[in-house]
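Letters A, B, ... are given to chains in the order of the sequence lines, protein chains preceding strands, and every chain is numbered from 1.
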2 protein chains.
Amino acid sequence: MGVTQKTLERRLLDALSERGLRQTGQRRTIADVFFDGGRQEHLGLEEIHRRARQRDRRIGYATVYRTMKLLSELGLAQERRFGDGLVRYEVAEAGHHHDHLICTRCARILEFEEPRIEALQERVAAAHGFTIEWHRHEIYGVCDRCSGPAG
Amino acid sequence: MGVTQKTLERRLLDALSERGLRQTGQRRTIADVFFDGGRQEHLGLEEIHRRARQRDRRIGYATVYRTMKLLSELGLAQERRFGDGLVRYEVAEAGHHHDHLICTRCARILEFEEPRIEALQERVAAAHGFTIEWHRHEIYGVCDRCSGPAG
DNA sequence: CTCATTGCAAATAATTTGCATGTAA
DNA sequence: TTACATGCAAATTATTTGCAATGAG
C-alpha cells in the first residue's frame, strides 16, 4: 500500500469522472485487489474474482470481467496471455516496461528489462517499415529454484 | 512444392512408422495443406480445415485438430498464440528460428531474425539462473503497407 | 483380424452478453 | 430521477473428448 498504489487509485477515480463513469463499491474493491496483487503477480479473472469476494461476497464474475476490461482501456491494467489459455492482468505502471521469464515447471513469472534488446527491436521494426505499438518478449524455461539440487 | 516440402513429408512418414502410427489419407492431406501454406502463413485450425476439405470433403475438424497436435509433437509444426484467441500453426523448419512482427491493422505477420537479441536474451536468462526452453518475441504495430499514403 | 484412426456430436473451458434490477450522481 | 452498473444465467467461441464405425497394416 505504498505511494504508487495511491497514485493508481487516484488515476482510476480521475479517469472515471473524466468519462462520466460511476464510482462504485465493486469497482473500488476489484481495483484494490488488483492494485495490491497485480504488481507482482499476474492475476487471472478467476483469481481476482476470488480475492474480491473475500472482501465483498456479492461481487459477480461478470463485474470483475467488465471492470478489468475497463482498467485495461483506462491504461491501468495490461492484458497478458501466457498460453495457458487464460487472460492475466498486471498493473501497468507508467513508463515501466518489462518482459517476462516464465517457468514451465512451477509457473513462476519473473520480470526483466533489457534496454539493448528494446533498442535492437526498434531497428528491426524500422528495417521493415514497421511502427511499433507494443511488444511482448517471453522466455519460457526452468527457473533456478526448479533446476536446483532438489529440482 | 520445393525441396523442403519433400523433406517435411518424408520426415512425417518416417516419424509415423517409427512410432507405429498409421499413414492415412486424411493425415497426408492435412499435412500437405499445412506444408504448403504454413511456411509463409500462420494458419488457424479453421483455415486448415477449410483448405483440407477443398481436397477431401470428408475430413472432419477433429481430425485436423488431432493431426496438427500430432505434427506439433513430432516437431514438424509449432503452435503460436498471437492473442486473437486462436491457436495458429506454422511449419517448424529445423534450425530456423525467427520471431514476429504483427500488423494490428491488416493482421499481416512478418518474420525477423536478430542474433544479437537472442544473445542478449541468453544473458538475461543466465543472470536469473534460468534455463531457456523456448521463447517468443512479438512486436505489434502498423506495417509499411498500412501506414503508407493510402493507409 | 486388430487396433489405430476418423467423424460426428457432445463436453469443456473461458470469455462475453442480455436483461431485469439496483444505485450513484 | 435516470442512465450507468450489477448479478445472474444464458450465449459464444474455440478447443477437447467419447464413442461407434471405418480402414490401415
Side-chain angles (χ1 to χ4, degrees), chain A residues 12-34 42-74 77-89 107, chain B residues 12-34 42-74 77-89 107:
Chain A
L12 172 58
L13 300 187
D14 290 353
L16 288 177
S17 66
E18 252 178 52
R19 306 185 188 218
L21 299 177
R22 288 169 188 173
Q23 189 185 140
T24 67
Q26 289 95 326
R27 279 182 180 159
R28 250 174 285 125
T29 301
I30 293 165
D32 278 355
V33 162
F34 172 61
H42 299 71
L43 304 170
L45 287 172
E46 186 113 16
E47 179 61 17
I48 297 172
H49 184 213
R50 198 183 62 71
R51 295 188 190 185
R53 285 177 72 114
Q54 292 179 343
R55 305 194 192 185
D56 177 353
R57 187 141 292 276
R58 302 171 162 286
I59 293 177
Y61 184 92
T63 302
V64 174
Y65 167 77
R66 286 186 279 228
T67 299
M68 293 311 301
K69 266 281 187 283
L70 178 62
L71 291 179
S72 292
E73 283 157 19
L74 299 179
Q78 283 194 343
E79 293 189 354
R80 299 273 180 194
R81 290 161 200 266
F82 292 117
D84 55 356
L86 208 64
V87 177
R88 292 171 181 279
Y89 291 87
Chain B
L12 172 58
L13 300 187
D14 290 352
L16 288 177
S17 66
E18 252 178 53
R19 304 183 190 219
L21 300 177
R22 288 170 189 174
Q23 190 185 138
T24 67
Q26 289 95 326
R27 279 182 179 159
R28 250 175 285 128
T29 301
I30 293 165
D32 278 357
V33 162
F34 172 62
H42 299 70
L43 305 170
L45 286 172
E46 186 113 16
E47 179 61 17
I48 297 172
H49 184 213
R50 197 183 62 71
R51 295 187 189 185
R53 285 176 72 113
Q54 291 179 344
R55 306 195 191 183
D56 177 353
R57 188 140 291 276
R58 302 169 163 284
I59 293 178
Y61 184 91
T63 302
V64 175
Y65 167 77
R66 287 185 278 227
T67 300
M68 294 311 300
K69 266 281 187 282
L70 178 63
L71 292 179
S72 293
E73 284 158 18
L74 298 179
Q78 283 194 345
E79 293 189 355
R80 299 272 181 194
R81 290 163 201 267
F82 292 117
D84 55 356
L86 208 63
V87 176
R88 291 170 182 280
Y89 291 87

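- Spacing between atom CG of B:Leu70 and atom P of D:dT16 amounts to 14 Å, rounded to whole angstrom units.
- The residue among B:Leu86 and A:Thr63 whose nearest nucleotide of DNA chain D lies closer to the 5′ end is A:Thr63.
- Both B:Tyr65 and B:Gln26 lie near DNA chain D, and the one whose nearest nucleotide falls closer to the 5' end is B:Tyr65.
- Between the side chain of B:His49 and the backbone N or O of B:Tyr65 there is no donor-acceptor pair closer than 3.5 Å.
- The distance between atom CG of A:Leu16 and atom C1' of D:dA5, rounded to the nearest whole Å, is 12 Å.
- At a threshold of 4.0 angstrom between heavy atoms, the contacts of A:Arg27 are confined to the sugar-phosphate backbone, with no base atom among them.
- Atoms CZ (A:Arg81) and P (D:dA14) sit 11 Å apart, rounded to a whole Å.
- Judged as a salt bridge (Lys or Arg N to Asp or Glu O under 4.0 Å), not a single pair has a partner in residues 17-30 of chain A (not counting sequence neighbours).
- Atom OH in B:Tyr89 sits 4.0 Å away from atom CD in B:Glu79 (nearest 0.5 Å).
- In this structure, A:Arg58 reaches the sugar-phosphate backbone alone: every heavy-atom distance under 4.0 Å involves primed, P, OP1 or OP2 atoms, never a base.
- One N or O donor and one acceptor, one from the side chain of A:Arg22 and one from the base of D:dA3, sit under 3.5 Å apart.
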Quiz item: So B:Leu43 and B:Met68, side chain to side chain contact (heavy atoms under 4.5 Å, CB included) or not? Walk me through it.
Solution: CA-CA 11 Å; B:Leu43 305 170; B:Met68 294 311 300; over 6 Å; no
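- In summary, contact between chain B and DNA chain C, defined as any nucleotide atom under 4.0 Å from a heavy atom of the protein, begins and ends at C:dC3 to C:dC8 in the 5' to 3' direction.
- In this structure, the CG atom of B:Asp84 is 11 Å from the C1' atom of D:dA14, given to the nearest Å.
- Positionally, the nearest nucleotide of DNA chain C for B:Leu21 lies more toward the 5' end than for the other of B:Ala62 and B:Leu21.
- Here B:Gln23 lies in heavy-atom contact (under 4.0 Å) with sugar-phosphate atoms only.
- Phosphate proximity of D:dT6 to A:Thr24: present, with a side-chain N or O under 4.0 Å from OP1 or OP2.
- The shortest side-chain heavy-atom distance between A:Val64 and A:Val33 does not fall under the 4.5 Å cut-off.
- By the 6.0 Å contact criterion, CZ on B:Arg55 is enclosed, its count of non-hydrogen atoms from other residues, nucleotides or ligands being greater than 12.
- Summarising the geometry, the separation between CG on B:Asp56 and C1' on D:dT22 is reported as 14 Å, rounded to the nearest angstrom.
- When the P atom of D:dA5 is taken as reference, atom CD1 of A:Ile30 falls 12 Å away, rounded to whole Å.
- Comment: A:Glu46 does not engage A:Arg50 in a salt bridge, judged by the lack of any side-chain N to carboxylate O separation of less than 4.0 angstrom.
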